[in-house]
There are 2 protein chains.
Amino acid sequence: MNIGEAARHAGVSAKMIRHYEQIGLIAPVPRTDAGYRIYGEREVHTLRFIRRARDLGFSVKAIGQLLALWQDRNRASADVKAFALAHIEALNAKAAELQAMARTLQHLADHCHGDHRPDCPILEDLAGDG
Amino acid sequence: MNIGEAARHAGVSAKMIRHYEQIGLIAPVPRTDAGYRIYGEREVHTLRFIRRARDLGFSVKAIGQLLALWQDRNRASADVKAFALAHIEALNAKAAELQAMARTLQHLADHCHGDHRPDCPILEDLAGDG
DNA sequence: CCTTGACCTTGACATCATGGGAAGCCCCAC
DNA sequence: GTGGGGCTTCCCATGATGTCAAGGTCAAGG
């Protein structure tokens, strides 16, 4: 199977597959005489794993560790769980940060007339005039 | 005032001040004979505005628009408000996305024993085995 | 046999905001 | 006049992805 087909099956762009190979996240695959990469079910499976991990917000570096855990038959589920919980923490922290920004801005917007007049507490706050 | 002092007063790194100048977010300032940038209160005020806007999650491009609104005495507060509300929407959407990831992962983690055994629904889900 | 179109290859560049570092000039205090 | 710290510019790196370009390849149809 060529890279394009593998990409379609895994839900990852061909570009990213090459990229993942280049940064060492996945191992290089065999090539045809013409230099075309050849993929099998096993590789597509790995790519799908990567795709799902990405959808859960894991960084490529973290995905590398997840792949290592996945391929290690002797890992303890506790290790995986700890890894996941740490990521959940990070996700929630980031979400909270964004919500705090939204709350602050909402508060400012609530006090803005929003009409044709120029006075605006939003800009006044940004300018430090408040 | 030199760039370092301006940076300290505004809470922005000197590196970023030069960058903001280079990308046109702020106007070039006068220089000494030796080529040192010279800043006054007015410039520091603008830099502080930029810093606050960044803290609220605005992109540099958006900050450019905010600066334009700030310096336009004829703007309607409605324009500023609409801009802010759109940003609030984006922030909330992003936060919701992160929380959805966290929720999914938490659900998987809840079903992981987290002991010495290798079986782990988290990896199984990522692998598509579920 | 040749063309056409779809696909593959590599490589370079862009995004966005920020930091790091190097080479070299400048200023002030001692 | 020297030492240390600040300034200048320029280049490189991050992280994940996309775009574009130039050129090779393959399969199908005339």
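Within every chain, numbering begins at 1; the chains are lettered A, B, ... in the order of the sequence lines, protein sequences first and strands thereafter.
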Please work out whether the ring planes of B:His87 and B:Phe58 are parallel, tilted or perpendicular, with thresholds of 30° and 60°.
parallel
For the residue pair A:Phe49 and A:Trp70, categorise the inter-ring angle as parallel (less than 30°), tilted (30 to 60°) or perpendicular (more than 60°).
parallel
Interatomic distance where NE2 belongs to A:His19 and P belongs to D:dT19 [whole Å]
15 Å
List, with names and distances, any nitrogen or oxygen atoms from the protein found under 3.5 Å away from nitrogen or oxygen atoms belonging to nucleotides 10-12 of chain D.
from	atom 1	to	atom 2	distance (Å)
D:dC10	N4	B:Lys15	NZ	3.4

Between B:Arg52 and A:Leu126, what is the shortest heavy-atom contact and its length?
NH1-O, 3.3 Å
Heavy-atom contacts under 4.0 Å between residues 20-38 of chain A and DNA chain C, which residues?
A:Arg31, A:Gly35, A:Tyr36, A:Arg37
May I have the distance from A:Glu5 (atom CD) to D:dA27 (atom P), rounded to whole angstrom?
13 Å
The correct set of residues in residues 54-67 of chain A placing a heavy atom under 4.0 Å from DNA chain C is none
Of the non-hydrogen atoms in B:Ile38 and B:Arg31, which two are nearest, and what is the gap between them?
CD1-C, 3.7 Å
Anything under 4.0 Å to a heavy atom of chain B counts; send over the first and last such nucleotide of DNA chain C, read 5' to 3'.
C:dA17 to C:dC27
Neighbours of DNA chain D within residues 87-106 of chain B, by heavy-atom distance under 4.0 Å
none
Five-pair end axes of the helix from C:dC1-D:dG30 to C:dC30-D:dG1 and the angle they enclose, rounded to 10°:
30°
